[in-house]
Amino acid sequence: MVLETSRLSLRCLTDGDYADLCRVMLQDPEVMYAYAHAFSDEEAWEWLHRQQTRYREDGFGLWAVELRETGELIGQCGVTWQTVRDRRVPEIGYLLGKSSWGRGYAIEAARACKQYAFHILGFDEVYSIIRDNNLASQRVAIRNGMLPCDRIVKHYYRQEMPHLVFSVCRDEGEERCS
């Protein structure tokens, strides 16, 4: 177990999570709309193994989000390194299955990850990089105390995808970081 909130547990993903990850998120076109496609079996395995590599190399990554009451895997949330304009930054990312949308789980997990990033990992600023058409995730970032600070275009799946960059500093009273 990496983190717990009142309703959620966040833990490292294992190979045994593959089927649930595919069913709940990675192979659901509705959930994966911001990625412009649902993942193939091979892409889903690559995604899972990339998180496991992040745990080993960085000490953090996207973690399984489970309901504490039932142990059901409902999504993933965590901290990963991402690149914004040639700078490596810590990003809070989240992706939940559609049966969990609208229940406050994303903000609950994202807030816990923000606190973890500040108080355990020691980051002074964290980011969320969100596709411009993903309004629900933008609302989560704002509720997590973040403000938009940049716009970038990512090239993914043979498409140009505009993204908004949100950030928040450790000390809420500080002026905007970088």
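Please read all numbers here as calculations on a predicted model, not as lab measurements.
In this structure, CD1 on Ile129 lies 14.0 Å from CZ on Arg151, to the nearest 0.5 angstrom. With values rounded to the nearest 0.5 angstrom, Ser137 atom OG is found 12.5 Å from Ile92 atom CD1. Taken to the nearest 0.5 Å, the CG atom of Asp171 stands 8.0 Å off from the CG atom of Asp124. Considering CZ of Phe118 and CZ of Arg170, their distance stands at 7.0 Å, rounded to 0.5 Å.
The shortest distance between side-chain heavy atoms of Leu8 and Ile74 falls below 4.5 Å. With contacts defined as side-chain heavy-atom distances shorter than 4.5 Å, the pair Arg87/Thr83 does not qualify. For the pair Arg85/Val165, no side-chain contact is recorded, criterion being any heavy-atom separation below 4.5 Å from C-beta on. Looking at Ile130 and Arg139, their side chains never come closer than 4.5 Å, going by heavy atoms from C-beta outward. You'll find the side chain of Val126 stays beyond 4.5 Å of the side chain of Val79, heavy atoms only. No side-chain heavy atom of Gln115 sits less than 4.5 Å from a side-chain heavy atom of Thr5. Taking 4.5 Å as the limit, some side-chain heavy atom of Leu13 sits within range of a side-chain heavy atom of Tyr55. The shortest side-chain heavy-atom distance between Lys114 and Val168 falls under the 4.5 Å cut-off.
Taking each heavy atom of Met25 and Gly75 in turn, the nearest pair found is SD-CA, 3.4 Å. Here the shortest heavy-atom pairing between Tyr127 and Cys149 reads CE2-SG, 4.3 Å. The two residues Met161 and Ala36 come nearest to each other via the heavy atoms CE-CB, 3.5 Å. A pairwise comparison of heavy atoms in Asn144 and Ile107 identifies N-CD1, 3.6 Å as the closest pair.
With hydrogens and angles disregarded, a donor-acceptor distance shorter than 3.5 Å links the side chain of Arg111 to the backbone of Arg143. The backbone N or O of Ala34 sits less than 3.5 Å from a side-chain atom of Arg131, completing a donor-acceptor pair.
Under the 3.5 Å distance criterion, with hydrogens and angles disregarded, a donor-acceptor pair is assigned to the side chains of Ser167 and Glu125. A donor atom on one side chain and an acceptor atom on the other are not found under 3.5 Å apart for Asp150 and His163.
Here Arg56 pairs with nothing under the salt bridge (charged side-chain N to carboxylate O under 4.0 Å, His left out) rule; sequence neighbours left out. Arg68 pairs by the salt bridge (charged side-chain N to carboxylate O under 4.0 Å, His left out) definition with Glu4, not counting sequence neighbours. Qualifying side-chain contact (heavy atoms from CB on, under 4.5 Å) partners for Ile142, counting only residues two or more places apart in sequence or in other chains: Phe166. Scanning for side chain to side chain donor-acceptor pair (under 3.5 Å) contacts around Tyr156 gives an empty result, with sequence neighbours left out. Among residues two or more places apart in sequence or in another chain, the side chain to side chain donor-acceptor pair (under 3.5 Å) test is passed with Arg23 by Asp20. Shown here are the salt bridge (charged side-chain N to carboxylate O under 4.0 Å, His left out) partners of Asp132, two or more places apart in sequence or in another chain: there are none. Annotation: side chain to side chain donor-acceptor pair (under 3.5 Å) contacts of Gln82 (sequence neighbours excluded): Thr80. Annotation: side chain to side chain donor-acceptor pair (under 3.5 Å) contacts of Lys154 (sequence neighbours excluded): none. With sequence neighbours left out, Tyr116 forms a ring-ring contact (aromatic ring centres under 6.0 Å, His included) with Trp63. In this structure Thr70 satisfies the side-chain contact (heavy atoms from CB on, under 4.5 Å) test together with Leu67, Glu72, sequence neighbours excluded.
The stretch residues 89-112 participates, sequence neighbours left out, in no ring-ring contact (aromatic ring centres under 6.0 Å, His included) pair at all. The stretch residues 28-48 participates, sequence neighbours left out, in these side-chain hydrogen bond (donor to acceptor under 3.5 Å, both in side chains) pairs: Tyr18-Asp41, Gln27-Asp41, Asp28-Lys98, Glu30-Lys98, Tyr33-Asn134, His37-Glu43, Ser40-Glu43, Trp47-Gln76.
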After noting the C-alpha distance and the side-chain angles of Arg54 and Phe60, does the key distance pass the side-chain contact (heavy atoms from CB on, under 4.5 Å) rule? CA-CA 6 Å; Arg54 286 172 166 156; Phe60 51 88; over 6 Å; no
When you look at Arg7 and Glu69, which way does the salt bridge (charged side-chain N to carboxylate O under 4.0 Å, His left out) test go after all the steps? CA-CA 7 Å; Arg7 300 182 298 166; Glu69 194 171 289; over 6 Å; no
Full working for side-chain contact (heavy atoms from CB on, under 4.5 Å) between Ser9 and Leu3: CA-CA 6 Å; Ser9 296; Leu3 287 169; over 6 Å; no
Determine, step by step, whether Ser6 and Glu108 satisfy the side-chain contact (heavy atoms from CB on, under 4.5 Å) criterion, reporting the C-alpha distance in whole Å, the side-chain angles of both residues, the deciding distance to 0.1 Å, and the verdict. CA-CA 9 Å; Ser6 61; Glu108 189 172 326; 3.5 Å; yes
For the pair Leu95 and Leu26, evaluate side-chain contact (heavy atoms from CB on, under 4.5 Å) and give the outcome as yes or no after the intermediate values. CA-CA 9 Å; Leu95 181 63; Leu26 299 180; 4.3 Å; yes
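Residues Met1 and Leu73 fall into different hydrophobic clusters, defined by Ile, Leu, Val, Met, Phe, Trp and Tyr side chains chained together at heavy-atom separations under 4.5 Å.
Checked against Cys77 for a side-chain contact (heavy atoms from CB on, under 4.5 Å), the options Val65, Leu96, Val140 give a single hit: Val65.
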